[in-house]
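To find a chain, count down the sequence lines: A is the first, B the second, and so on, and within it residues start at 1. The basis for the numbers below is simple: all heavy atoms, side chains too, and nothing from hydrogens, waters or symmetry mates.
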There are 2 protein chains.
Amino acid sequence: MTVENSLRTTPSANNSATTANQPASSPALLFDTINAYQKTATIKAGIELDVFTAMAGVPATVAAIATHCHASPRGIRILCDYLTVLGFLTKSGGQYALTPDSALFLNRKSPAYAGGTLEFLLSNEIKGAFDHFTGAVRKGGTAQSQDGTVAPEHPVWVSFARSMGPLMVPAAAGLADLIPLDQNRPTKVLDISASHGMWGNAFAAKNPKAKIVALDWAPVLEIARENARAAGVADRFRAIAGNAFEVEFGSDYDVVLVPNFLHHFNASDCVRFLKKAHAALRPGGTVAIVEFVPNPDRITPPAAAGFSLIMLATTPEGDVYTFAEYSDMLAQAGFTPPTVHSLPASMNVAVVARK
Amino acid sequence: MTVENSLRTTPSANNSATTANQPASSPALLFDTINAYQKTATIKAGIELDVFTAMAGVPATVAAIATHCHASPRGIRILCDYLTVLGFLTKSGGQYALTPDSALFLNRKSPAYAGGTLEFLLSNEIKGAFDHFTGAVRKGGTAQSQDGTVAPEHPVWVSFARSMGPLMVPAAAGLADLIPLDQNRPTKVLDISASHGMWGNAFAAKNPKAKIVALDWAPVLEIARENARAAGVADRFRAIAGNAFEVEFGSDYDVVLVPNFLHHFNASDCVRFLKKAHAALRPGGTVAIVEFVPNPDRITPPAAAGFSLIMLATTPEGDVYTFAEYSDMLAQAGFTPPTVHSLPASMNVAVVARK
């Protein structure tokens with residue numbers, strides 16, 4: 001008799017605490033949420049021990065995985081069972097195998113390997129900020145430090161640039177597809193908070209006459225420059241170091257890319273920034289905001305709506321904005337009414353408008 | 001145009017990275033799992049700031065909740081939106097309201113209030129052990145300290161007894177219903193790792209001639225004694241302080257209760273303990289093991305299967321055991337084949353056998 005079977009046949013006397021037509025109350029969601037940090041620890045251990053590569057291509061037993069990972073069979077068995085519960089592995093006949101997404105993102109030999117994102121996502125600047133989260137709710141902004149991650153030259157953005165780039169490649173290619181440039185003349189793309197440079201690189205790759213101007217803090221730009229070199233577009237790459245609200249952009253850009261930048265600021269600073277972007281564009285030029293954009297209810301879709309939490313924990317005034325809010329900001333800055341577009345393999349969307 | 005609408009009408013050119021009949025690959029599960037610790041921080045902040053009591057009985061605006069909680073409206077808005085995403089609140093017309101489960105478990109004025117469980121569940125001994133989780137997988141047991149939470153007189157069990165009792169009340173009543181005692185003669189119930197004493201109290205409440213013998217570490221027993229007094233059964237309550245593997249139990253018990261105890265130990269120690277319980281029972285007496293019991297696949301149901309993770313992180317050798325494994329242990333200890341029963345409002349089941 002399995003527990004599942006017996007639970008189905010347990011006499012209803014056990015359920016005397018609930019009335020006939022009401023769903024039984026349960027603390028399951030509460031405990032699952034209080035214990036959610038254990039899921040973080042589980043995926044972190046799986047990545048750190050490289051369990052996913054241990055079964056790349058072929059299902060593996062506990063013993064084989066333990067050998068690959070230099071870990072105890074008992075620890076590996078419990079870890080892999082829970083990775084299966086979470087949906088990263090499948091289990092059959094005593095062997096574990098990768099799901100298609102795990103094969104793509106968690107096998108260290110995959111070009112789309114995303115295990116490196118732990119460096120940024122679980123950094124003290126991000127994860128550590130949530131140790132002060134109750135204080136952030138009280139205060140209405142980060143309680144970890146005065147300026148959080150928007151402090152000048154904050155080193156977390158080096159970590160972001162180093163670890164988050166590969167994941168942006170499909171979305172960046174999608175965005176470049178979405179905004180075709182004139183192939184008959186030299187064009188210019190300004191990449192704000194360029195970071196790893198993947199957004200600009202995608203435009204350079206698709207448009208042989210396009211020059212990319214990447215803006216970010218100086219140490220971050222070194223990573224963007226390396227990536228431009230690796231992509232074979234270094235001869236069309238130029239950098240502007242400094243604060244995007246303060247430095248000179250130059251002028252006559254065909255496109256200003258604004259990927260995952262505006263959510264760090266309040267709405268009036270966003271408008272101030274968009275006016276500056278507007279001034280830097282040639283007539284008819286395009287601004288492309290890449291962002292987490294929740295629906296007007298601000299509770300769907302979950303990933304976009306939930307991103308506001310990270311902004312509350314890590315910045316003084318950052319937030320997610322709805323499409324209506326971005327439309328309003330863009331109108332105030334002089335742009336045409338925007339359109340919104342999904343991006344491949346991304347929880348971000350592109351909000352696109354013209355000068 | 002909402003994002004939702006526009007996403008439905010985005011040209012399929014954006015999805016060129018995926019082929020027609022394959023589900024699109026997505027890092028959503030990976031990011032959601034890496035960021036899962038943020039859910040812990042969210043429910044912790046909600047409980048610490050008492051947002052749930054702020055809307056007890058009547059839906060409330062951000063402003064009203066912020067006033068009740070002495071917190072910023074901006075922080076409360078972002079917190080309550082995410083508590084809605086997580087399923088603890090509902091949101092309608094700019095007001096937030098409690099779900100039935102939140103009204104039961106999270107309103108501070110509810111008799112089933114479970115916010116106090118944070119003291120144990122997020123204690124350094126439990127949550128802190130997951131800071132060393134990769135090490136625990138390598139080693140095959142807790143990497144936080146030598147003996148983890150099974151060290152003699154470990155203070156975390158005082159915290160457990162103080163905070164987890166109220167949640168056990170429905171399950172304890174269900175267990176007492178399941179094991180009727182002879183009402184015509186004095187009976188004796190031994191409550192192993194009695195903790196808050198709720199399991200024993202339920203038997204005392206249902207059986208006026210039953211005497212309860214609670215076994216735990218001495219400081220924990222003070223809490224059990226208080227709770228027996230509060231339940232009006234102090235005159236039938238007796239305590240045995242010490243290690244359950246070492247101290248004398250006495251004899252002729254009608255029932256030995258073993259709630260959430262065996263998962264801390266390896267299988268052969270469990271058998272050793274069950275033999276001792278067997279010896280303490282009168283002929284025909286009952287042992288009732290209350291436990292997380294996964295199906296033979298060890299990956300379902302999630303809460304029971306996942307509990308092995310906590311044992312890996314916090315104990316040297318603890319684990320969850322299947323019904324077949326408990327049946328085998330009980331047979332080795334001389335018991336009849338067991339039956340398994342669900343318990344109200346609990347993720348535990350009862351495995352019940354006779355001498």
Point-to-point distance, once rounded to the nearest 0.5 Å, from NZ of A/Lys44 to NZ of A/Lys127:
7.0 Å

Using the rule given for side chain to side chain contact (heavy atoms under 4.5 Å, CB included), can you reason through A/Phe88 versus A/Phe52, listing the C-alpha separation, both sets of side-chain angles and the distance that settles it, and then say yes or no?
CA-CA 9 Å; A/Phe88 291 99; A/Phe52 303 99; 4.0 Å; yes

Looking at B/Leu121, B/Ile43, B/Leu29, B/Leu86, which makes the most heavy-atom pairs under 4.5 Å with chain A?
B/Leu29

Is it the backbone or the side chain of A/Asp32 that comes under 4.5 Å from a heavy atom of chain B, or both, or neither?
neither

How far apart are the C-alpha atoms of A/Val293 and A/Val351, what are their side-chain angles, what is the distance that settles it, and do they pass the side chain to side chain contact (heavy atoms under 4.5 Å, CB included) test?
CA-CA 9 Å; A/Val293 178; A/Val351 176; 4.2 Å; yes

Structural part of A/Ala303 lying under 4.5 Å from a heavy atom of chain B:
neither

Partner chain B: residue of A/Asp319, A/Val320, A/Thr99 with the largest heavy-atom pair count (under 4.5 Å)
A/Asp319

Between A/Leu106, A/Leu79, A/Leu49, the one whose heavy-atom pairs under 4.5 Å with chain B are most numerous
A/Leu49

Is there any side chain to side chain donor-acceptor pair (under 3.5 Å) pair reaching into residues 82-91 of chain A, and which pairs are they, with sequence neighbours excluded?
A/Asp81-A/Lys91

Top of B/Ser92, B/Gly46, B/Gly140 for chain A proximity - count of heavy-atom pairs under 4.5 angstrom
B/Gly140

Can you see which heavy atom on B/Leu30 is nearest to which on A/Ala114, and at what distance?
CD2-CB, 3.7 Å

Residue pair A/Lys39 / B/Lys39, side-chain heavy-atom distance below 4.5 Å
no

Which region of A/Pro100, side chain (C-beta onward) or backbone (N, CA, C, O), has a non-hydrogen atom less than 4.5 Å from a non-hydrogen atom of chain B, or is it both or neither?
neither

With a 4.0 Å cut-off, would you call A/Glu48 and B/Arg138 a salt bridge?
no

What part of B/Pro27 gets within 4.5 angstrom of chain A, counting heavy atoms only: side chain, backbone, both, or neither?
both

B/Ser308, B/Ala313, B/Gly135: which one forms the most heavy-atom pairs within less than 4.5 Å of chain A?
B/Ser308

Between atom NE2 of A/His263 and atom OG1 of A/Thr315, what is the distance when rounded to the nearest 0.5 Å?
8.5 Å

Proximal component of A/Thr42, with respect to chain B [non-hydrogen, under 4.5 Å]
both

Cut-off 4.5 Å, heavy atoms of chain B, and the answer for A/Asp101 is side chain

With respect to chain B, which residue among A/Leu175, A/Leu104, A/Leu122, A/Ile47 yields the maximal number of heavy-atom pairs within a distance under 4.5 Å?
A/Leu122

Provide the closest heavy-atom pair for B/Ala171 versus B/Ser346 in the form atom of the first, atom of the second, distance.
CB-CB, 3.8 Å

So which residue, B/Leu167, B/Val137, B/Ile299, B/Thr134, ends up with the most heavy-atom pairs under 4.5 Å with chain A?
B/Val137

Heavy-atom pair count under 4.5 Å with chain A, highest-scoring of B/Leu309, B/Ile76, B/Asp131, B/Asp297:
B/Leu309

